[in-house]
Amino acid sequence: MKKSVFLGALTVAGIAAGGVFAGTLDDVKARGKLNCGVTTGVAGFAVPDANGEWDGFDVGVCRAVAAAVFGDPTAVEFVPTTGKTRFTALASGEIDMLARNTTWTFSRDVDLKFDFVGVNYYDGQGFMVPTALGVTSAKELDGATVCIQTGTTTELNLADFFRANGISYEPVPIETNAEGQQQYLAGACDTYTTDASGLAATRATFESPDDHVLLPEIISKEPLGPLVRHGDNEWGDIVRWSLNALISAEELGVTSANIGEMSAGTNNPEINRLLGTEGNLGEMLGLSADWAKNAIAAGGNYAELFERNIGENTPIGLSRGLNAQWTDGGLLYSPPFR
Amino acid sequence: MSEVSFVRTEMLPEQAPPATTVGFVGWIRHNLFTGWFNSIATVLSMLVIYFVLSKILPWMFMSSWSAGSLHECREAIAAAYGEHHEGACWAVIRERWIQLFFGFYPSELYWRPILAFFSLFVALGPVLFAEYVPKKLIWFTAIFPFFGAWLLWGGSIWVPISAILGFVLGYVAYRVITPILGSLAGVIAAAAVPVLWWIALASLFASSLESIIPLGIEAVESRKFGGFMLSITIGVVAIFGSLPLGIVLALGRQSDLLIVKALCVGFIEFIRGVPLITLLFVASTLLNIFLPPGTNFDIILRVLIMVTLFAAAYMAEVVRGGLAALPTGQYEAADALGLDYWKAQRLIIMPQALKISIPGIVSTFIGVFKDTTLVSIIALLDPLGLLAGIRADSNWNGIVWELYGFLALIFFIFCFSMSRYSMYLERKLQTGHQ
């Protein structure tokens, strides 16, 4: 009894010691670098090139935050994480923020004690089938073999969808997207299901992409966004508003090309507040006045990041869809800079 | 009719054997087509080999080396060999091989891991090929662990020097204490003094000397390590750490001292009862949570320790197998000669037990080296971990066989060399009279 109490106390002490941090912003500033958790490689979102330089849509968010804090988008240490190590890395303080296409769910936000600061990509689970199969809707997939990544939310969504529609399927479990790609091409399954962005990226690499179609049904909500540890709201605010700055910049027409001109002062007071020529928003965050200007200049506004990494002119070729500004019928809606 | 019967007066000259039993044809008849069963088997095997090669060779050689992306590869191959030919896209290896070997190590410092790699062989010379290299080289072997680590990680020269000093102090303590307090106290002092030195004084010593005489090379963070450099680092450390540790554990397991025996058995059985990947997760995630925040306990160091302990447990059992195979007469003979325990082990028991264990030891080495690829699961960028990044590159997304084939080839070269060396060693140490 005594021993178990002692062990329990030790555990609690250990967790408490691991969970309590002085302000993350101070730590980051003292270190001179932002430690940003990314994937070990997902096309368009975080990819190291031949020189070890990281690039991608999620990487762009990390760089924007680094630019907001230091004025230098290269002051980032990218820490590759896998699906299994990402949450511990964040909880233990090994990384300051995680931008690793992670779905915002209730339990991750509440139970795992993280704060999702926003959504940088609205995804959803879709299906890819060979055109030759002649299927036009996911509801016609009764009895199909389905390649599905184990241990992900997609696996649960799939079961929900087929049960709700009263049809059956046979799962072919796979471990990684790369394996899924091979299995699907080898004909081990009739259809491959994962996030629609991933399907589009996968299909783009096929030798003959036209032989495969994405079915219209999107069966789940997968809001992907950066997250930080629970309990350090000042740091959470910095990451949240850096992301919002990118989104607002698109809405307000501020791009990396015209930002120099705009930051000289404009007639639009919101742009002026965003870029720090009016008001003291930067000071409120504990950053310099031109924090948002630096964040936007790092890789451009949201639209520029999107188009350069995953947009329609890239091999991945995603359209904006849900990820358009609210003014264009999408879901991107940044609270005002005031 | 004459009465004379025929008597040959000279020997018949030797004749050449029939053409069908010598040379190429003879070899074929003897080895491939003896009897109908073997003939059928030969023909079938030939067909299989032909079928496999006819697919693989055109794929391997009618390929593209120069393209900038998978798409360009496909176009170049279609242009050169026709629309329906499927060729390998080796261009990805050409573009990324340096990354596969060095990870994200700063490119201007590549000479350091390369130098460390080649000095590894110099250091191994006195151990592996003792009769071909000068005896004095053993000194280089002794300092290589510190020298190699310093080359890889960089930083102040005083850090490895203060680490070496720990061993020197231990030796001095043993020499000083033994005549005064006896050999047991000497052994304890030899173990305790270096540990105290490393914990309490070494870093102070290194940093104060550094401030007086700053001498060092650019430090490289562990996070920059990757590719085969990482695999080889982990493999080499685990291999050369696990052998002595394994021998000690094996001896401890056979010891008559209850506590020593219980500790060794407990350690071996615990480690062998747990998969390596679990230990790696402990190293990468659990320790992170339990260590106080701000502790900078290097992830690669944690992995090195875990893999070494894991390999040591297996090594202990292999060595114990060798010990068990020795006839009791050998132990009794050592006792009869009046040798004490350590002398008996060093001169009689271990040379024989280790010789018997060589195949098992080398198998363990090879297994450990291949197990290093598991670190990709805890997001260390070993060659397999790097593949995820390379395959996510929009230029190379969709490439599979070329990359895995390349990795398999490199791993094969390393493992095959180890295996051949062990056979050489067995032949060299052969003392039986078969």
Side-chain angles (χ1 to χ4, degrees), chain A residues 10-11 13-22 27 35 37-56 77-89 91-94 176-179 181-182 185 201-202 204-207 309-310 314-317, chain B residues 68-71 73-74 78 86 92 94-100 102-107 221 223-224 226-227 277 280-281 284-296 299 376-381 384-401 403-404:
Chain A
L10 201 67
T11 313
I15 289 171
V20 178
F21 288 87
D27 290 351
N35 285 340
V38 292
T39 65
T40 52
V42 166
F45 286 86
V47 187
D49 70 4
N51 304 317
E53 290 294 321
W54 288 83
D55 200 10
E77 195 68 55
F78 291 101
V79 181
T81 58
T82 64
K84 296 180 179 77
T85 62
R86 56 182 167 182
F87 294 128
T88 352
S92 68
E94 191 184 341
T176 63
N177 185 45
E179 189 190 340
Q181 204 166 323
Q182 287 305 110
L185 279 182
T202 303
T205 68
F206 289 174
E207 237 177 318
N309 293 306
I310 51 178
T314 65
I316 297 172
Chain B
S69 71
L70 179 58
H71 189 68
C73 260
R74 283 173 180 157
E86 278 192 35
V92 65
R94 189 185 53 86
E95 191 187 295
R96 296 294 188 123
W97 69 272
I98 293 181
Q99 195 174 44
L100 283 172
F102 294 103
F104 298 155
Y105 208 82
S107 55
E221 289 175 75
R223 207 171 276 149
K224 306 271 182 211
I277 191 69
L280 290 178
F281 272 121
S284 91
T285 58
L286 269 183
L287 282 181
N288 251 349
I289 290 177
F290 285 111
L291 288 173
T295 323
N296 189 13
I299 175 73
S376 63
I377 298 184
I378 56 167
L380 286 183
L381 294 177
L384 277 185
L386 279 170
L387 284 200
I390 295 174
R391 297 179 61 199
D393 188 328
S394 53
N395 285 336
W396 303 117
N397 197 331
I399 286 196
V400 182
W401 296 102
L403 288 167
Y404 282 106

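Letters go in sequence order (proteins before strands), and every chain restarts at 1. For the numbers below, each heavy atom of this structure counts, side chains included, while hydrogens, waters and symmetry mates do not.
Heavy atoms closer than 4.5 Å to chain B are found in the backbone of A:Phe206, but not in its side chain. If you measure heavy-atom distances from A:Glu53 to chain B, you find no contacts under 4.5 Å at all. Heavy-atom distances place the side chain of A:Asn35, and not its backbone, under 4.5 Å from chain B. For chain B, no part of A:Phe87 is nearby; none of its heavy atoms comes within less than 4.5 Å. Looking at A:Pro80, both its backbone and its side chain come within 4.5 Å of chain B, counting heavy atoms on both sides. B:Trp97 does not touch chain A: none of its heavy atoms, backbone or side chain, sits under 4.5 Å away. For a residue to count as touching a neighbouring chain, one of its non-hydrogen atoms must lie under 4.5 Å from one of that chain's; by this rule B:Phe281 touches chain A with the side chain only.
Contact check for B:Leu381 versus B:Phe104: side-chain heavy atoms found under the 4.5 Å cut-off. Using a 4.5 Å cut-off on side-chain heavy atoms (C-beta onward), A:Thr202 and B:Asn397 make no contact.
B:Gly389 and A:Val47 get closest at one heavy-atom pair: O-CG1, 3.6 Å. In this structure, B:Ser284 and A:Thr85 approach most closely via the heavy-atom pair OG-CG2, 4.2 Å. When all heavy atoms are compared, the tightest approach of A:Ile316 to A:Gly44 is CD1-CA, 3.4 Å. Closest approach of B:Ser376 to A:Thr82, counting heavy atoms only: O-CG2, 3.8 Å. Considering all non-hydrogen atoms of both residues, B:Ile390 and B:Trp396 come closest at O-CB, 3.7 Å.
With chain A as partner, the option from B:Glu95, B:Arg391, B:His71 having the largest number of non-hydrogen pairs under 4.5 angstrom is B:Arg391. Among the candidates A:Ala50, A:Ala89, A:Gly56, the residue making the largest number of heavy-atom pairs closer than 4.5 Å to chain B is A:Ala50.
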